[in-house]
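Quick notes on the structure that follows.
Reminder, nothing fancy here: chain letters follow the sequence lines and each chain counts from 1. Below, each value reflects all heavy atoms present in this structure, side chains not excepted, and no hydrogens, waters or symmetry copies.
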Amino acid sequence: MKIPPVKGTRDFYPPQMNRRNWIIDGWKSASLRNGFEEYDGPIFEHLQMYQIKSGDEIAEQLFSLKDRGGRDLAIRPEITPTLARMVNQQINTLARPIKWFSVPRLCRAERPQKGRLREFFQWNVDVIGVDDVLADAEVIFCAVDYLRQVGLTPDDIVVKISSRKMLAELLIELGLEESQLEPVYAVLDKRAKLPEDVFEKLLAEQVSDGDRREKILSLMEAESVEKISEIVEPDRKAAEAIEEMSRLFEILDRMQIGQFCKFDTSIVRGLAYYTGIVYEIHDKAGRLRAIAGGGRYDNLLKQFGGPDVSATGFGMGDSVLEILLEEKGLIGKEVEQRSIDYFIAFADSKYRDKAIETASKIRLAGMSANFSYKTAGLGKQFKEAAAQNARKVVIIGQEIEAGQLAVKDMAAGQQQTVTAEEFFRKL
RNA sequence: GUGAAAGUAGCUCAGUUGGUCAGAGCACUGGAUUGUGGAUCCAGGGGUCGGGGGUUCGAGUCCCCUCUUUCACCCCA
């Protein structure tokens with residue numbers, strides 16, 4: 001009986017596994033050079049953990065199970081709750097700022113589509129315990145640092161940045177009720193996806209007053225933080241939020257990534273827990289879903305039973321990223337290819353034992369080596385070596401009787417005869 | 001959860017109104033090639049035509065169901 005793979009999952013054969021490792025290794029080294037430490041948690045948690053933040057309806061979108069003790073568990077659909085739990089548990093012993101990153105494997109029971117699978121990897125970078133927008137700037141820098149390092153430029157991607165706090169203060173100043181904010185956010189979030197007239201109609205359903213709608217539309221079109229104050233005269237709290245945004249952009253400029261970043265009030269983000277700066281990284285053409293998204297979530301640790309500690313961070317999934325990198329031709333052929341330091345060929349089956357011995361010595365010295373399981377001619381063995389992308393081929397032939405080996409550099413095509421003793425000494 | 005399209009070898013695909021329709025290229029294995037490579041030539045293995053049911057003398061082809069994939073919607077932590 002043939003059993004198919006599970007819907008929305010991927011098999012990683014060696015070439016795809018090499019790609020996956022290349023992406024994840026890039027994430028990890030970017031995190032480390034930005035001063036973040038790696039952590040991880042279990043792949044499942046109590047189901048309840050995911051209901052605190054997002055409510056029951058989200059429980060339908062995750063994989064849940066009952067263990068033999070009747071406990072309701074869920075495979076993690078995100079790692080932020082685990083992070084909050086882990087940090088809360090040791091909050092009094094952790095030195096601040098807490099700069100942590102993780103590359104968890106996550107599962108969500110959603111319908112798969114382009115750039116969205118049921119199992120994926122997500123790079124998470126967070127700073128906990130710092131109120132200052134400097135922390136927001138630093139995580140944004142970390143994301144851009146990686147994306148730039150793999151070859152993406154400001155022509156390819158854009159970090160769209162806004163502020164929940166600023167938007168809320170301005171909307172309230174315009175006369176909206178607190179209770180209207182959520183539904184209005186939902187409409188504003190759709191702006192980029194909808195034709196203008198449909199968007200305006202949806203907005204009119206939420207905001208009946210024409211003048212207010214005008215102002216909101218102008219806010220959405222503001223190209224810079226400065227323009228905001230021209231549209232709505234900010235009160236003290238709004239001015240603070242605007243000031244914070246300006247400062248963020250100053251820091252991003254100082255960090256040399258200003259050309260990747262753009263003020264964009266249409267970035268609202270789905271769920272309610274963001275409290276300040278919010279941002280999404282998109283492909284410049286806007287054809288794909290977001291590459292990454294994040295923001296400040298100052299209330300989360302408290303919601304998980306911890307103290308009032310601020311936090312900010314982002315998540316970047318592997319699937320949209322891989323599609324974009326593929327489209328831009330930034331995943332080189334060599335990423336998928338295997339390679340090996342040495343391939344040991346033997347000219348006659350009587351030298352096979354010597355070849356096994358040689359390969360083992362090379363491996364013990366810390367280099368990679370293979371030899372053929374077959375006793376084929378040298379031509380075949382060279383083909384095998386080439387197929388494995390071997391850098392050098394060592395030939396064991398009659399010269400071994402005089403203590404010598406032939407070593408061929410496959411790229412250069414040059415071959416040298418050296419004594420076995422010298423060869424092993426130089427490994 | 002809703003809607004649309006697709007599914008033939010490991011991959012990309014051809015297969016006419018139902019009647020030599022089990023095929024090609026690439027990949028893989030072996031040989032040409034018993035001391036030298038990714039080329040070339042030859043040969044070979046590999047398929048219950050996604051699965052199940054139906055119509056028919058006869059189904060890869062038509063009908064129904066189902067699974068999977070892709071795309072969009074809902075949602076997007």
Please compare Ala386(A) and Asp348(A) by the position of their nearest nucleotide in RNA chain B and report the one closer to 5'.
Asp348(A)

Just the rounded figure in Å: distance from [atom2] of [N] to [atom1] of [X].
X         : N      : atom1 : atom2 : value
Glu110(A) : U2(B)  : CD    : C1'   : 15 Å
Lys190(A) : C74(B) : NZ    : C1'   : 9 Å
Lys392(A) : U36(B) : NZ    : C1'   : 17 Å
Tyr273(A) : A77(B) : OH    : C1'   : 6 Å
Phe382(A) : G37(B) : CZ    : C1'   : 7 Å
Tyr13(A)  : C11(B) : OH    : C1'   : 12 Å
Gln51(A)  : A77(B) : CD    : P     : 18 Å
Asp189(A) : C76(B) : CG    : C1'   : 9 Å

Partner of [N] by Watson-Crick or G-U wobble geometry, both contacts under 3.5 Å, or none?
N      : value
G7(B)  : C67(B)
U56(B) : none
C73(B) : G1(B)
G23(B) : C13(B)
G35(B) : none
C28(B) : G44(B)

[X]: partners by ring pair (Phe, Tyr, Trp, His ring centres under 6.0 Å), with sequence neighbours left out:
X         : result
Tyr39(A)  : Trp100(A)
Phe423(A) : Tyr342(A)
Phe314(A) : Trp123(A)

Say you pick atom [atom1] in [N] and the same atom in [M]; how far apart are they, in whole Å?
N      : M      : atom1 : answer
C62(B) : G44(B) : C1'   : 37 Å
G50(B) : U70(B) : C1'   : 15 Å
G18(B) : A59(B) : C1'   : 7 Å
U61(B) : G52(B) : P     : 12 Å
U8(B)  : C13(B) : P     : 9 Å
U20(B) : G58(B) : P     : 15 Å
C11(B) : A27(B) : P     : 15 Å
G23(B) : G1(B)  : C1'   : 42 Å

Salt-bridge test for Glu336(A) and Arg19(A): reply yes if a basic N is under 4.0 Å from a carboxylate O, no otherwise.
yes

May I ask you to decide whether Glu244(A) forms a salt bridge with Lys165(A), counting only side-chain N to carboxylate O separations under 4.0 Å?
yes

Quick test: give all pairs of protein nitrogen or oxygen and nucleotides 25-31 of chain B nitrogen or oxygen below 3.5 Å, distance rounded to 0.1 Å.
unit_1: G30(B); atom_1: OP1; unit_2: Lys374(A); atom_2: NZ; d: 3.1

Ala386(A): side chain to side chain contact (heavy atoms under 4.5 Å, CB included) partners, not counting sequence neighbours
Met410(A)

Give each protein N/O atom lying under 3.5 Å from an N/O atom of nucleotides 69-71 of chain B, with the pair distance.
unit_1: U69(B); atom_1: OP1; unit_2: Gly8(A); atom_2: N; d: 2.7
unit_1: C71(B); atom_1: OP2; unit_2: Lys114(A); atom_2: N; d: 2.7

Side chain [X] and base [N] donor-acceptor under 3.5 Å:
X         : N      : answer
Arg289(A) : C76(B) : yes
Glu399(A) : G35(B) : yes
Gln415(A) : U36(B) : yes

Distance below 4.0 Å between Arg269(A) side-chain N/O and A77(B) OP1 or OP2
yes

Considering only residues two or more places apart or on different chains, which pairs with a residue in residues 291-302 of chain A satisfy side chain to side chain donor-acceptor pair (under 3.5 Å)?
Asp126(A)-Tyr297(A), Asp136(A)-Arg296(A), Arg296(A)-Asp298(A)

Sequence neighbours excluded, every pair satisfying salt bridge (Lys or Arg N to Asp or Glu O under 4.0 Å) that has a member inside residues 147-163 of chain A:
Asp156(A)-Lys328(A)

Strand-adjacent residues in residues 299-307 of chain A, judged by heavy atoms under 4.0 Å from RNA chain B:
none

Would you indicate what [X] reaches in the nucleic acid, counting non-hydrogen atoms under 4.0 angstrom: base, sugar-phosphate, or nothing?
X         : answer
Gly315(A) : nothing
Gly377(A) : nothing
Gln398(A) : base

Show me the side-chain donor-acceptor pairs of residues 395-408 of chain A shorter than 3.5 Å, one per line, residues at least two apart or across chains.
unit_1: Glu401(A); atom_1: OE2; unit_2: Tyr351(A); atom_2: OH; d: 3.1

Which atom pairs, donor and acceptor, lie under 3.5 Å between side-chain atoms of residues 194-208 of chain A and protein residues at least two apart or in another chain?
none

Can Gln16(A) and Arg20(A) be counted as having a side-chain donor-acceptor contact under 3.5 angstrom?
no

Indicate whether the side chain of Gln113(A) and that of Arg289(A) have a donor and an acceptor atom separated by less than 3.5 Å.
yes

Identify each donor-acceptor pair in which a side-chain atom of residues 358-368 of chain A lies under 3.5 Å from a protein atom, sequence neighbours left out, and give them as a table.
unit_1: Thr358(A); atom_1: OG1; unit_2: Lys354(A); atom_2: O; d: 2.7
unit_1: Ser360(A); atom_1: OG; unit_2: Ile356(A); atom_2: O; d: 2.8
unit_1: Arg363(A); atom_1: NE; unit_2: Ala369(A); atom_2: O; d: 2.9
unit_1: Arg363(A); atom_1: NH2; unit_2: Ala369(A); atom_2: O; d: 2.7
unit_1: Arg363(A); atom_1: NH2; unit_2: Asn370(A); atom_2: OD1; d: 3.3
unit_1: Ser368(A); atom_1: OG; unit_2: Asp341(A); atom_2: N; d: 2.9
unit_1: Ser368(A); atom_1: OG; unit_2: Asp341(A); atom_2: OD2; d: 3.1

Between the CD1 atom in Ile43(A) and the CG atom in Leu106(A), the distance rounded to the nearest 0.5 Å is 10.5 Å

